[in-house]
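Since we're looking at a predicted model, the values are computed, not measured. When a residue number appears, it is its place in the shown sequence, counting from 1.
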Amino acid sequence: MTLIEVYKCLCDETRLRILHLLSRQRLCVCHFQEILDAPQVKVSKHLAYLRQRGMVETHREGSWIIYALPAKRSPELTANMKCLQDCASEIPVFKADLRRMRKALAKSRGPVAGCCSPVEKGKRVRVQH
């Protein structure tokens, strides 16, 4: 991954917010929708853009695709993710995203366990993607 490729991915607010969240926790599309208050189409488009450029990885857990930062990161990505973390700690939208992420994960009872399955009267209800 070249420095130019990294910066192309970082020049969009939604992608920055996604990467910031993934620096803390692996997440499903439904989590991003809730946290970013964005439609599935928009979230999926940005996740696909990041995935095609090696900025995120995916794996399947049951019916869901879980997104995470790559296990092996280029020096350029590592340095820029550190910079993002340093800068994001002072920016309100990133702080709000972290608060919403904690709420979303609490509702789904974990980062992946019960993902996309709201609890209704003690029973899980499967939500289709």
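The salt bridge (Lys or Arg N to Asp or Glu O under 4.0 Å) check on Arg51 picks up nothing, with sequence neighbours excluded. In this structure, Arg15 has no salt bridge (Lys or Arg N to Asp or Glu O under 4.0 Å) partners at least two apart in sequence or on a different chain.
Heavy atoms of other residues, nucleotides or ligands lying less than 6.0 angstrom from CG of Asp86 number more than 12.
A distance of 10.0 Å separates CZ of Arg17 from NE2 of His46, quoted to the nearest 0.5 Å. Note that the CG atom of Leu47 and the OG1 atom of Thr58 stand 9.5 Å from one another [nearest 0.5 Å]. Considering NE2 of His59 and CD1 of Ile66, their distance stands at 5.5 Å, rounded to 0.5 Å. With values rounded to the nearest 0.5 angstrom, Ile35 atom CD1 is found 8.0 Å from Arg100 atom CZ. For the atom pair Ser63 OG and Glu61 CD, the distance stands at 11.0 Å (nearest 0.5 Å). Separation of atoms OG (Ser23) and CE (Met81) is listed at 4.5 Å; rounding is to 0.5 Å.
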Pair Leu69-Glu57, side chain to side chain contact (heavy atoms under 4.5 Å, CB included): steps then yes or no
CA-CA 6 Å; Leu69 292 177; Glu57 295 177 338; over 6 Å; no
Leu16 vs Phe94, side chain to side chain contact (heavy atoms under 4.5 Å, CB included): CA-CA, chis, key distance, verdict
CA-CA 9 Å; Leu16 280 174; Phe94 292 102; 4.1 Å; yes
Is there a side chain to side chain contact (heavy atoms under 4.5 Å, CB included) between Leu27 and Tyr67? Walk through the geometry before answering.
CA-CA 5 Å; Leu27 297 166; Tyr67 290 83; 5.8 Å; no
Mind running salt bridge (charged side-chain N to carboxylate O under 4.0 Å, His left out) on Lys107 and Glu34 for me, showing each step along the way?
CA-CA 11 Å; Lys107 280 197 299 190; Glu34 184 173 347; 2.6 Å; yes
Could you go through the side chain to side chain contact (heavy atoms under 4.5 Å, CB included) check for Leu50 and Leu22 one step at a time?
CA-CA 12 Å; Leu50 292 168; Leu22 289 176; 5.8 Å; no
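Using modelled atom types, one finds no donor on one side chain facing an acceptor on the other under 3.5 Å when comparing His31 with Gln33. Side-chain atoms of Asn80 and Tyr7 include a donor-acceptor pair closer than 3.5 Å.
Side-chain contact between Lys45 and Thr14 is absent, with no heavy atoms from C-beta onward closer than 4.5 Å.
Side-chain N or O atoms of Arg73 include one that pairs as donor or acceptor with a backbone N or O of Pro70 at under 3.5 Å. In this structure, the side chain of Arg26 does not engage the main chain of Ala68 through any donor-acceptor pair within 3.5 Å. Between the side chain of Ser44 and the main chain of Val41, no donor-acceptor pair closer than 3.5 Å is present. Arg24 contributes no side-chain N or O that, together with a main-chain N or O of His20, makes up a donor-acceptor pair within less than 3.5 Å.
When hydrophobic clusters are built by joining Ile, Leu, Val, Met, Phe, Trp and Tyr residues whose side-chain heavy atoms come closer than 4.5 Å, directly or via intermediates, Tyr49 is not grouped with Leu84.
Shortest non-hydrogen contact noted between Ser89 and Lys95 is O-CE, 2.9 Å.
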